[in-house]
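First the proteins, then the strands, lettered A, B, ... as listed; each starts at 1.
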2 protein chains.
Amino acid sequence: MGVEIERKFLVDEAIWADEKPKTGVRICQGYLLKSKEKTVRIRTKTCAQYSKGFITIKGATEGFSRLEYEYEIPFSEAEELLAEFCPKKIIKTRYELKLNEFVWEVDEFESPQSGLILAEIELLNEAQSFGRPKWLKKEVTGEAQYYNANML
Amino acid sequence: MGVEIERKFLVDEAIWADEKPKTGVRICQGYLLKSKEKTVRIRTKTCAQYSKGFITIKGATEGFSRLEYEYEIPFSEAEELLAEFCPKKIIKTRYELKLNEFVWEVDEFESPQSGLILAEIELLNEAQSFGRPKWLKKEVTGEAQYYNANML
């Protein structure tokens, strides 16, 4: 079992542009299922080092937490599943940035919400404190419009 | 990618009882998603030799064929996914029987259709011929009521 505890923020594009890593991972994802209770997501991740595929089941968000089960699958089959079953897809580039003991994931969206940038941090518990990088804007944890599944 | 070409039959319980293997594999399965276009199934398989978990995505049946993608996942996580997301489950025992070059899978259902016995054979193509064991009754390939997903 996995339980995900995440907080999510909008990002100031100009400040972020000065700090962002040179390379990111290109992500393409679609959904076999999106409901209030659960989602089943197919994702490919591609970068200079690898091409990977994943299937991920997530439960409903409760506060900051969410059940999550993720399994790696062959890249070519993930591409087939996306082509066969997911007419709508999200495309984004993910950058990872380690700041103190935390890893920030910053997603720059290309499709469908071109220009949107979201930062996420994964915590050990809901009350854990963390430093706020200067490119962070408003917190949007729990705001439904910023769930990837709701963007399609 | 996988393409499944299967034919399915009802089984004569009395004749089958004389021929069936001593041991089978107990299967528990439920569905994250059931729609006309696709299903996402969670399954556990348990026998004297192993306990395994699987997630399987299947497309719509076209004739005798069906797209199928299956991935092994940890047994304990398959059990959690069934408990968390699948209130209704199928329980059955599967026996495998090799006859000539073919492997027959015979499923004895406990729940929800106690007493139902179905035999399946997987073929290389839709026209391939095969011998019919004497415990075979009526062919039910393509009959919606005998799709496992429709039993729940």
Treating Ile, Leu, Val, Met, Phe, Trp and Tyr as nodes and any side-chain heavy-atom pair under 4.5 angstrom as an edge, say whether [X] and [Y] lie in one connected cluster.
| X | Y | answer |
| --- | --- | --- |
| A:I91 | A:F109 | no |
| A:L32 | A:L67 | yes |
| B:V40 | B:L152 | no |
| A:W104 | A:I5 | yes |
| B:W16 | B:L116 | no |

Check your understanding: So which of A:I55, A:L81, A:L33 has the largest heavy-atom pair count under 4.5 angstrom toward chain B?
Key -> A:L81

[X] portion near chain A, given a 4.5 angstrom heavy-atom threshold:
| X | result |
| --- | --- |
| B:I57 | side chain |
| B:E72 | neither |
| B:Y71 | side chain |

Practice item. Might you confirm whether atom CD of B:E13 has over 12 heavy atoms from other residues, nucleotides or ligands at distances under 6.0 Å? Key: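 Counting neighbours around CD of B:E13, 12 or fewer heavy atoms of other residues, nucleotides or ligands fall under 6.0 Å, so no.
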
Exercise for review: First locate atom CD1 of A:I73, then atom CD1 of B:I73, and finally report the distance between them rounded to the nearest 0.5 Å.
Suggested key: 12.5 Å

Review point. Roughly how far apart are A:E84 CD and B:E37 CD, rounded to 0.5 Å?
Key: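 Here the rounded value is 11.0 Å.
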
Review point. Closest approach of A:K38 and B:F85, non-hydrogen atoms and distance?
Key: CD-CD2, 3.6 Å

